[in-house]
Number of protein chains: 2
Amino acid sequence: MAGRPRSFDRGTALAAAVEQFWRTGYEGTSISALVRAMGITPPSLYAAFGDKAQLFGEVAEVYAARTLEGVDQACALPTVREAVARMLDDTARVHTDPGTPLGCLLLTEPRLDGQRDAVRRRLVDRIERGIADGDVPADVDAGALASFLVAVMRGMSGAARDGASAEEVHAVARTALAAVPAPPAPPAPPAP
Amino acid sequence: MAGRPRSFDRGTALAAAVEQFWRTGYEGTSISALVRAMGITPPSLYAAFGDKAQLFGEVAEVYAARTLEGVDQACALPTVREAVARMLDDTARVHTDPGTPLGCLLLTEPRLDGQRDAVRRRLVDRIERGIADGDVPADVDAGALASFLVAVMRGMSGAARDGASAEEVHAVARTALAAVPAPPAPPAPPAP
DNA sequence: CAACATCCGTAGTGATCGCTACAGAAAGAG
DNA sequence: CTCTTTCTGTAGCGATCACTACGGATGTTG
């Protein structure tokens, strides 16, 4: 029933494919570049992963899981402002990490608009919770703020790919935070 | 000394090339797609424009001139806040104009980072003038604010290409405006 | 008019694209 | 061991890539 086992580690090869697609995007990545990066031959790639589109689907799944985990960790912080600050800071750091390709696959790849919307939905939910919690003014448009944050992060990805330094990208993050409304005054604190 | 004149209008063909590159980017645009859009044959294209890269250079020149004209018009407004508001509003409108390709060629094409820096420099200059004029607080980091604005506009381009409505993209623009610091209090106005 | 310069379309260059037919190698099942 | 099953690499499929050689068409110039 069983035949010859595959001679490479599927997970390792997939990780190499993630890196390659991350660096050069879907259209910019050729099968020959993939097999070189993955250390396998074309028939092995097609046997193990289907075709280029299916392989990219698995790559996107891995990448999105990693990204959404970071988003969720940030969203777990007690206030929207803290969550957004953490998320923007993470974004700036990851996008300029010299150990990985610059920028973000999820934010830049045209065909991953569904994954981008998943991020946006999480942000909308978190902001609405912030409104309910009282740490965000009730007149804030959660959808607009979430779209804005996705736009800024996408812009940070582009800046990183243009060669902006980590400090420049962090400066964008800090500036964007000013667009997150300050919490409405809670019970007046004692004067200093 | 003169031979057969060319049978097509160079400017019209260039405009068609602008639209094609705008829609599908440099790498995503093939010569066959270009000649189809321009209504000419490959030898005519190569005779009139050199090669693909040179044609794209002319396309970028045309596109950047148009874009920078809009930027300069916005920058001519009396305050940084008005200039930024105008620029973001223009951006939202142009990026979602159903009469042209979605998004922005200048902001999305990887090889146009030089043109993006030209936009950024104009923004830095305008913000520094705003600081000198007193309509922007002196502690504002002009470079960071300019990078932020470029990032937001790039994000708006991506959102438009993802299919966001004109209203959604405009909402991003309005939200981003909140990151532009309010002018420092001028001579105290009479109480209402 | 003839001579010349330039452009036109056809047709095809070698290279690379995504993908696969094929035959041999390497494992478990009997 | 043999048989079966699956993976392996080589080698090559048709399509498309950017680009061009070539010969005929179409102008201006003398």
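A quick note: this is a predicted structure, and the numbers were derived from the prediction, not measured. In what follows, chains carry the letters A, B, and so on, assigned in the order in which the sequence lines appear, proteins first and then strands, with residues in each chain numbered from 1.
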Side-chain donor/acceptor of B/W22 to backbone N/O of B/G103, under 3.5 Å: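 Yes, because the side chain of B/W22 sits within donor-acceptor range (under 3.5 Å) of the backbone of B/G103.
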Which nucleotide in D/dG27, D/dT8, D/dA18 has an atom nearest any side-chain atom of A/F8: D/dT8
Distance-only donor-acceptor test, A/R4 side-chain atoms vs C/dA25 base atoms, 3.5 Å: yes
Pair B/S157, A/R154: side-chain N/O donor-acceptor within cut-off below 3.5 Å: no
Short side-chain donor-acceptor distance under 3.5 Å, A/T29 and A/R23: no
Side-chain N,O (A/S7) to OP1/OP2 (D/dT8) below 4.0 Å: yes
Any B/S32 side-chain nitrogen or oxygen under 4.0 Å from OP1 or OP2 of D/dC17: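 Checking D/dC17 against B/S32, a side-chain N or O does come within under 4.0 Å of OP1 or OP2.
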Comparing B/A33 and A/P5 on DNA chain D - which has the more 5′ nearest nucleotide: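 The residue whose closest nucleotide sits nearer the 5' end is A/P5.
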Figure out the [atom1]/[atom2] separation between [X] and [N], and round it to whole Å.
X: B/R6; N: C/dG9; atom1: CZ; atom2: P; value: 13 Å
X: B/E27; N: C/dC17; atom1: CD; atom2: P; value: 12 Å
X: B/Y26; N: D/dC17; atom1: OH; atom2: P; value: 13 Å
X: A/L34; N: C/dC17; atom1: CG; atom2: P; value: 10 Å
X: B/I31; N: C/dC17; atom1: CD1; atom2: P; value: 17 Å

Pi-cation contact, B/Y26 with B/K52 (under 6.0 Å, within 45°):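 Yes - B/K52 lies over the ring of B/Y26, closer than 6.0 Å to its centre and within 45° of its axis.
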Heavy-atom pair of closest approach, residues B/A83 and B/C75: CB-CA, 4.0 Å
Atom of A/V71, atom of A/R122 and distance for their closest heavy-atom approach: CG1-CD, 4.0 Å
Nucleic acid contacts of residues 40-57 of chain A, taken as heavy-atom distances under 4.0 Å to DNA chain C: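 Per residue number, the list reads A/P42, A/P43, A/Y46, A/D51, A/K52.
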